[in-house]
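Remarks on the structure that follows.
We name chains A, B, ... by the order of the sequence lines, and we start the count at 1 in each one.
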Amino acid sequence: MLEVMPTMSQTLTVNAPLTAADGELLTVKLAREHRNKQLKAVALVAPLAIFLLLTFLVPIFMLLGRSVDNPEVVTHLPATSQLIASWDRRALPSEEVFQAMARDLTAAKEAKTVPEVAKRLNMDISGFRSLIQKTARKMPLELAAGETMRDRFIQMDERWGDPDHWHVIAKNAKSWTPYYLYSSLDLRETKAGTPELAPEEERAFISIFGRTLWISFWVTVFCLLLGYPLAYWLANLPARKSNLLMILVLLPFWTSVLVRVASWIVLLQREGLINSALMNLGIIGEPLQLAFNRVGVYIAMVHILLPFVILPAYSVMKSIPPTYMRAAISLGDHPFAAFWKIYFPQTVAGVAAGALLVFIMCIGYYITPALLGSPEEQMVSYYVAFYTNVTINWGMAAALGSLLLIATMTLYGLYSKLVGANKLSLG
Amino acid sequence: MMSEKHTASDTLVSFRGVQKSYDGASLIVKNLDLDIRKGEFLTMLGPSGSGKTTCLMMLAGFETPTHGEIRLGDKLLNHVPPHKRNIGMVFQNYALFPHMTVAENLAYPLTIRKMGKSEITDRVKKALGMVKLDALANRYPGQMSGGQQQRVALARALVFEPQLVLMDEPLGALDKQLREHMQLEIKHIHENLGITVVYVTHDQGEALTMSDRVAVFKDGIIQQIDAANVLYEKPVNSFVANFIGENNTLHGEVVALHDQHCTVRLGNGDTVQAAAVCVGQAGEATSMSIRPERVRLSRHAEACENRLQARLAEFIYFGDHVRLRLDVAGQSGFMVKVPAGELDSSWKVGDKLDIGWMARDIRALDASVYTH
Ligand SMILES: Nc1ncnc2c1ncn2[C@@H]1O[C@H](COP(=O)(O)OP(=O)(O)OP(=O)(O)O)[C@@H](O)[C@H]1O
Ligand SMILES: [Mg+2]
């Protein structure tokens with residue numbers, strides 16, 4: 001011990017750089033060890049990161065990409081797309097454009113890609129499909145002497161003489177388009193390229209989004225109203241009882257959503273258990289309309305999503321010792337007031353997390369409204385499924401999906417701003 | 001004994017025949033009679049599960065007694081809800097509201113009492129000054145150390161000037177040094193404000209240093225309630241003798257009993273004169289209690305009424321003093337303290353020593369479990 005002392009004090013007073021036992025500079029050695037540790041950590045996390053990347057991030061970016069992807073015209077009418085870019089967009093395009101169109105359509109006819117182009121252009125102006133198909137069928141064209149391709153086209157169908165049709169081609173001659181996103185919000189692109197609201201009779205999606213948010217809002221409210229007191233009760237019960245009841249709360253998780261919805265149909269339909277029970281008791285004379293409307297959707301969705309409020313609420317409530325309430329009461333506050341001022345604020349973060357979870361799950365809900373609702377209850381997801389499965393319109397499906405995603409992210413951002421950055425996290 | 005000197009008007013809190021049972025089968029508190037005097041620092045001390053917290057909770061109003069009366073001043077408390085009792089309380093886990101700053105925590109009871117803004121500010125400031133935390137008014141509890149939080153809790157229990165403050169193991173979560181520091185601080189605050197404090201702990205050192213009186217609990221019964229020195233010098237039964245401070249026990253049988261004195265025969269046939277405190281009649285088994293510092297050794301033992309031979313079994317070094325572990329009358333584990341300067345260097349393990357003590361210093365108590 002004593003022999004070491006002088007050396008130590010020398011090192012400290014001289015302030016020379018510290019070295020490790022093998023003579024290497026200590027700072028270098030420590031830095032290397034630190035780097036090794038980090039590498040190890042990365043290696044441990046890498047498999048999960050790759051998995052997430054492939055199954056989560058990549059699909060999301062592909063989805064976002066799909067919603068603005070516009071390959072049909074660019075790929076299948078390449079020459080036209082190139083030339084029409086320099087069109088002044090007032091009079092008809094030049095003769096070269098018409099000739100390029102003829103060439104492209106001929107090639108497309110051989111490659112059998114005409115229907116794809118036709119379908120895409122038909123989205124902007126209905127009837128464009130038949131125009132393209134009719135024209136392509138006539139390809140290749142033999143021009144008489146002195147005849148221009150433009151005249152020939154217009155002669156074939158006078159719509160070729162309408163600049164609006166060429167506008168649509170010009171608009172879609174880019175490999176991306178806001179068209180699907182605009183459509184999902186009931187907007188359309190003006191000739192100047194700015195968005196405007198579609199005419200009233202063509203609007204659909206704003207009200208569908210509105211309905212989705214509205215249903216989700218009420219489901220969340222009902223879940224909170226039912227879940228909060230239940231979680232409070234569970235959290236204040238002796239452990240043995242609360243564990244048992246918790247199993248009941250979790251029980252629905254062990255059956256598939258489809259089965260649960262089907263059993264709700266059995267319970268709620270006109271001749272279902274609830275109606276017949278109420279009728280037999282003489283409480284009602286006519287069966288109540290409980291299924292295939294808003295009421296049925298609310299009942300089933302609240303039932304399915306309730307655990308997502310109860311579980312986070314329960315876990316924060318469990319972590320609040322009863323002494324907080326006792327302290328507040330001993331300071332002279334009425335128990336009810338103390339609950340609101342002391343207990344409730346401490347549960348807000350957890351309960352809000354649960355509510356957010358429910359809301360986010362709601363806005364993507366599909367099965368329950370599809371089975372238990374009327375057309376009036378169908379939410380955004382229904383239309384996503386509709387566009388993917390029925391009309392095979394990936395652009396619209398992806399655009400609606402992207403908007404849902406954006407709504408979710410916005411909500412999450414709002415939540416973390418309100419709750420995450422709160423001082424509660426310090427307590 | 002001491003309570004006779006005090007009149008009823010000095011009493012702030014009185015428990016009369018209070019019983020408490022949680023399950024209806026066993027009594028956690030059995031027939032508690034206790035008077036707490038105005039301005040007193042009373043500590044409830046006892047092993048875990050002895051019902052201290054339960055008593056405190058009944059006083060605070062969070063539990064209701066199954067029997068008996070609790071009075072505060074001349075008001076019957078039994079049916080007063082806890083938020084109307086105006087009793088300050090300090091909890092072991094501090095129970096500071098985590099979403100409020102220190103100042104907001106302190107203002108909480110004052111806002112409830114509908115005080116004006118400026119008065120609240122003044123009082124909060126004063127209370128923070130009292131616990132020396134003026135600089136931390138705007139911190140959240142989560143940003144403070146345990147000791148600081150405990151001071152805030154203390155200030156919050158005092159800021160609305162209750163006449164009675166209850167503390168349930170308030171220092172239990174602090175480390176030893178901080179705990180000792182806080183003990184003094186709480187004691188000083190008590191002296192300065194003249195409030196009545198009921199304090200619960202199972203740390204006997206804490207109880208002895210802080211309290212005017214200590215009530216020793218066991219199994220829901222107060223075994224003894226007295227000032228610290230009385231408790232230490234004159235324990236009324238074996239439990240108190242063993243629970244408070246260091247104690248030597250000698251087991252034996254009472255052979256003669258007259259008045260305050262008795263003669264006890266030890267296992268090896270030796271007899272000892274002792275003060276009869278908790279013995280019934282001759283022929284009964286008894287456990288005698290004597291404090292280590294009352295035992296005299298060799299030369300000093302000559303003048304004692306009781307003299308015995310002991311075998312030196314071990315030296316234990318403590319710096320300022322040395323403890324000798326002795327075998328006395330066939331019973332092991334008998335400790336004697338010797339100041340370092342008085343240690344005879346010729347003593348060694350296995351030596352026979354003369355030991356002795358005055359008859360008044362050894363107390364014959366109820367027989368405790370005899371362990372070798
Ligand atoms: N709410 C309750 N319900 C049922 N039993 C209880 C309840 N509170 C306390 N008890 C029981 O009452 C007995 C005394 O408990 P109490 O908390 O008063 O002890 P204590 O002296 O404060 O102990 P500690 O020093 O460990 O805090 C214990 O056996 C305990 O299990
Ligand atoms: Mg306790």
Side-chain angles (χ1 to χ4, degrees), chain A residues 228 231-233 235-242 312-356 415-427, chain B residues 22-23 53 56-57 59-63 80-101 104-115 138-144 149 152-162 164-170:
Chain A
Y228 193 90
Y232 180 74
W233 183 58
N236 288 296
L237 227 50
R240 215 167 43 87
K241 276 190 204 160
S242 74
Y314 173 81
S315 80
V316 283
M317 287 173 179
K318 254 306 191 218
S319 70
I320 301 173
T323 44
Y324 284 124
M325 279 290 283
R326 291 193 162 176
I329 293 170
S330 79
L331 293 172
D333 215 356
H334 190 276
F336 286 130
F339 184 89
W340 279 113
K341 284 189 268 179
I342 302 305
Y343 194 86
F344 183 72
Q346 293 186 61
T347 61
V348 163
V351 171
L356 182 80
Y415 166 80
S416 59
K417 202 168 171 68
L418 288 180
V419 180
N422 198 296
K423 64 240 172 190
L424 277 181
S425 56
L426 295 165
Chain B
Y22 285 106
D23 51 9
T53 300
L56 210 64
M57 287 302 155
L59 184 48
F62 294 114
E63 298 291 352
V80 180
H83 64 278
K84 298 220 171 108
R85 293 197 180 186
N86 207 35
I87 296 175
M89 230 176 146
V90 182
F91 297 86
Q92 179 174 359
N93 65 355
Y94 322 131
L96 295 178
F97 309 137
H99 57 298
M100 296 183 185
T101 62
E104 285 164 350
N105 263 285
L106 294 194
Y108 188 84
L110 307 179
T111 332
I112 292 162
R113 286 167 178 75
K114 305 214 160 44
M115 287 183 188
N138 293 317
R139 290 262 186 104
Y140 285 95
Q143 301 168 316
M144 298 196 301
Q149 291 188 48
V152 177
L154 193 61
R156 190 180 65 181
L158 297 169
V159 72
F160 59 101
E161 294 175 0
L164 177 62
V165 178
L166 313 180
M167 304 188 190
D168 192 357
E169 305 198 32

Relative to chain A, which segment of [X] carries a heavy atom at a distance below 4.5 Å: side chain, backbone, both, or neither?
X        : answer
B:Phe160 : side chain
B:Asn86  : neither
B:Leu96  : backbone

Count the heavy-atom pairs under 4.5 Å between each of A:Pro335, A:Ala337, A:Ala327 and chain B, then report the option with the highest count.
A:Ala327
Are [X] and [Y] packed together at the side-chain level, in the sense that at least one heavy-atom pair is separated by less than 4.5 angstrom?
X        : Y        : answer
A:Arg326 : B:Met89  : no
B:Thr111 : A:Lys341 : no
B:Tyr94  : A:Thr323 : no

Determine the minimum heavy-atom distance between [X] and [Y], stating which atoms define it.
X        : Y        : answer
A:Leu331 : B:Ile112 : O-CD1, 4.3 Å
A:Gly332 : B:Arg113 : CA-NH2, 4.1 Å
A:Ile342 : B:Met100 : CD1-CE, 3.5 Å

Distance col, row A:Ser330:OG vs B:Phe91:CZ, nearest 0.5 angstrom, shows 5.0 Å
Check: A:Ala338 main-chain N/O paired with B:His83 side-chain donor or acceptor under 3.5 Å:
no
Fit a plane to each ring of A:Tyr324 and B:Phe97, take the angle between them on a 0 to 90° scale, and name the class: parallel (under 30°), tilted (30 to 60°) or perpendicular (over 60°).
tilted
